[in-house]
Amino acid sequence: MSQRTSTEPPADSLPGIRGERLSGTVLARSGPLAACFLAIAGLLAALLVPFGGWLPGLVVPLLVVGLVFSVWVVRFVPAGPAPRWSAPAVIAIAAGHGVWAALTHAEHVVLRRDAGSYALYSQWIATRHGLPIPSWLEAFGGSQALTDPAFRLASPAYYQVVHGSAGAAGTTVDIVPQFLLGAPAVYSLGWWAAGWNGLLIVPAICSALALLGFAGLVARLLGPRWAVLATLSLAMIQPVLHAARSTYSEPIALLFVAVAAALLVDAVAAGNPLRKNGFAIPGVHGTDDPRAARGLGLAAGLAFGLAGLFRVDGLREVSLLLPVVAVLALRRHPAARPLVAGALGGTAIAVIPAVWLSRPYLGTISASLVPLIAGGVVLGLGSWAVVAIARRREGRTGALYLRLTTDAGQNRWPWLLAGAVGLIGVVLAGRPLWMTTRQDPNDPGSRVVAGLQLEQGLAVDGGRTYAEHSLNWISWYTGPAMLVAAWLVFMVLAAATGRWWLNSAARGSSGAGRTTGVPFWLGPAVIAFGSILLTLYRPGITPDHPWADRRMVPVVIPAFVIAATAAAAWVSRRALHRWPATALTGVVAVAVVVMVLPPWLATQPVAGQRTETGEVAAVEAVCDALGDHDVVLALDNRAANEWPQVVRGSCDRPAASVRITDITDTAAVVAVVKPIVARITAAGNTPVLLAATPEGEAVIQALGLTSEEVVNLTSNEDQRYLTKVPDGEAPLPVQVWLAPAAGVS
């Protein structure tokens, strides 16, 4: 009897199956691929920039090797099937967001805010290949210039670091940029490709990659179908778009946080035991693969830790990860040790370039940084102590577990946890009714706030931080319905955490073992909720909008979007099983409206807005007007704030400024300026005075010099509201007068 040969292709070779697997692979691995590549770029910068080695001929080949390595290593990230349309939809949303941000990118290169600082930092290392920035002190007469109290080389976001004593032979000065190295290193790659235009659109590309990483996280937590809706919602939220339009670090930070959380989900699921004996915990998935769990745990920890190359606040997520590690250790999860090793190791690596290259910046934020470090140490030591004590008392805690897991206990503790989370939400929402948060009125940011209050007809109280309104800031862009739905999900997760812990503890006390599974959502939920509370309690940023809202981009807004999407998914599942098809359609329609319409309505007034337009051309005009031997001295406060680093980096000329108390007292200003000009002339250079306001130009006239207006630009900037959502732009005049001052003595 002949054997019948089947002509049917294997199931996994069918086009539909292949399409689902490819779609799932793209969702699962595109974010980790991007994060791995950017981490390599940040690490290369940390190694090469301090020694002047950030050269395209060296860096680009190394990055090609890094990309190949990234493609190889992400093969180990697990990927399941997904609907064939889900990955193309997510890619289309991310690409559309990136193109949208690139077409409307800002030209913030005349330094006023953090985006200008990042842009100039990126341009410097792209063209000069290293740090620190030289001060060209000899062009101003050498060390003797430092004895003049009116002379300064520093400017906002660029610190003056003196090596030696003022007036002493051999004294040198370095200019050290603010912020960490990682983001400028990534953005500098755009300069090598297309100059200013290339540099200024790299954040849009990074934001699109961050959306892919975010979609991968949502696909793991809620399923690939819901990842499309969540990604669409996040892509349209104005603070996310605003950060993508300018050279901020938040798009890269969002990518790393999302990818780290996604890898944490994978690690927990891989190390969970398979369900046996009918025992099951909702939300606990397992594949019982300890080796994969250890590898994924190490990768997740490294992603959390290496985020510190790009953002100081990455320490917060690492600190909040430590209690999660303790829970995994108590449940004897194989990912626990690799996870903490990766997180602490990645953080240690990130700390080295931060301390080496950004020490003055770390000093200025010490009021926030020291408590953050101290909190991390406390959480780490406390977590270690809990694990150590629990391990020693194993076998003697069964009575306690049994008391906690009685019927009354099981009903009480989860509800208490949920009630506590709900109470926190009520307190945060109600803070404006009974709290006014303030900071030191002598802080430079307080003076900015006072000026804005005066302009906007508010009571002048420069010490106000408006942090009590931080929850309202998010509702401006997401709508209150999304916030309420998200907070209800946080309450449900708190109760679910309590039930899981009591059930797993009871099972352990009954002799069934301590290797019970851990909910795959536990780590991201704990870290996200902790970050939300800390950020909302103290945003730590000058509270003018939309500038301040970028603080919510890496964690807070994405967490609210995921939680609100989880609420929609839960209601839809109930409708699917209990309600007719028309009701299910209505539920999905309502979910789409709640998730998409409020973000679009908030973003629509500024959807096509471009800010700081014309500033690149203005910089080029100033550089074209300067000669090879010119040395620039900025006169008025605006010139001193905006132009010294522009002149150094873009024009390749020495630049400093004059510290002036009252620019309107021209006689006193002239007396201050003349000695500095004389020293520049004596050093064999041509002093050129730069004014950026009519008051500064009046000083030039008082010196008897002839000025030339080389820039007269009416540009625009974002509105700077303190108490309401921005919905337009504000005019931004940019003027520059230059005057050769060689004849002044």
Side-chain angles (χ1 to χ4, degrees), residues 27 30-32 34-35 90 93-94 97-98 101 203 206-222 226-244 248-265 300 303-304 307 310-311 313-314 316-317 320-321 470-471 473-479 482-483 485-487 489-490 493 521 523-536 539 549-569 594-596 598-599 602-603:
L27 283 177
S30 55
V90 165
I93 292 168
H97 169 85
C206 292
S207 189
L209 296 175
L211 289 181
L212 294 179
F214 173 80
L217 174 60
V218 180
R220 288 164 168 86
L221 294 173
L222 304 175
W226 291 105
V228 177
L229 176 60
T231 305
L232 178 62
S233 178
L234 186 67
M236 291 194 302
I237 292 178
Q238 169 59 9
V240 178
L241 178 63
H242 183 259
Y248 291 118
S249 63
E250 276 73 15
I252 300 178
L254 171 57
L255 171 64
F256 271 82
V257 171
V259 168
L263 292 174
L264 178 57
V265 171
F304 278 115
F310 305 91
R311 171 174 165 263
D313 286 353
R316 180 179 59 214
E317 281 71 55
L320 293 168
L321 179 65
S470 55
L471 195 61
W473 300 350
I474 302 170
S475 70
W476 289 346
Y477 304 106
T478 64
M482 193 184 298
L483 286 189
W487 210 271
V489 169
F490 295 150
L493 290 178
W521 43 260
V526 170
I527 295 169
F529 190 69
S531 291
I532 287 172
L533 295 186
L534 292 174
T535 305
L536 294 181
D549 303 312
R550 65 189 177 89
R551 185 69 83 227
M552 310 295 175
V553 170
V555 179
V556 177
I557 291 176
F560 274 108
V561 170
I562 293 175
T565 307
V594 170
M595 297 290 296
V596 174
T603 301

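Just so you know, residue 1 is the first one in the sequence shown, and it goes up from there.
The CG atom of L221 sits 10.5 Å away from atom CH2 of W521, with the distance rounded to the nearest 0.5 Å. The CZ atom of R311 sits 9.5 Å away from the CG atom of L254 when rounded to the nearest 0.5 Å. For the atom pair I527 CD1 and I532 CD1, the distance stands at 12.0 Å (nearest 0.5 Å). Distance check, rounded to the nearest 0.5 Å: SG of C206 to CD1 of I252 gives 4.0 Å. A distance of 10.5 Å separates CG of D549 from OG of S470, quoted to the nearest 0.5 Å. The CD1 atom of I93 sits 10.5 Å away from atom CG of L234, with the distance rounded to the nearest 0.5 Å.
In plain terms, the two heavy atoms of A260 and A300 that are nearest each other are O-CB, 3.8 Å. Taking all atoms of both residues into account, the shortest heavy-atom contact from V526 to L320 is CG1-O, 4.3 Å. In terms of heavy atoms, V228 sits closest to V90 at CG2-CG2, 3.9 Å. Shortest non-hydrogen contact noted between S475 and L483 is CB-CD1, 3.4 Å. Across all non-hydrogen atoms, the minimal contact from G213 to V259 is CA-CG2, 4.3 Å. Closest heavy-atom contact between L211 and A235: CD1-CB, 3.6 Å.
Residues S207 and V240 meet the side-chain proximity criterion, which asks for heavy atoms closer than 4.5 Å. Contact annotation: the side chain of Y477 approaches that of P239 to within less than 4.5 Å [non-hydrogen atoms, C-beta and beyond]. Counting heavy atoms from C-beta on, the side chains of L27 and L212 never come closer than 4.5 Å.
By the 30° and 60° cut-offs, the orientation of the rings of F490 relative to W487 is perpendicular.
With hydrogens and angles ignored, the 3.5 Å screen pairs a side-chain donor or acceptor of R220 with a backbone N or O of G216. The backbone N or O of S531 lies less than 3.5 Å from a partner atom in the side chain of T535, making a donor-acceptor pair. Proximity of a side-chain donor or acceptor of S233 to a complementary backbone N or O of M595 within less than 3.5 Å is detected. Side-chain atoms of T603 come within 3.5 Å of backbone N or O of P599 as a donor-acceptor pair.
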Sequence neighbours left out, cut at 3.5 Å: what donor-acceptor pairs do the side chains of residues 551-568 make with other protein atoms?
residue, atom, partner, partner atom, Å
R551, NE, P539, O, 2.8
R551, NH2, G540, O, 2.8
T565, OG1, V561, O, 2.7

### Message
Is there a side-chain contact (heavy atoms from CB on, under 4.5 Å) between V489 and L493? Walk through the geometry before answering.
### Response
CA-CA 6 Å; V489 169; L493 290 178; 4.1 Å; yes

#### Entry: side-chain contact (heavy atoms from CB on, under 4.5 Å) evaluation trace for E250 with H242
CA-CA 10 Å; E250 276 73 15; H242 183 259; over 6 Å; no

#### Entry: Pair F214-V257, side-chain contact (heavy atoms from CB on, under 4.5 Å): steps then yes or no
CA-CA 9 Å; F214 173 80; V257 171; over 6 Å; no

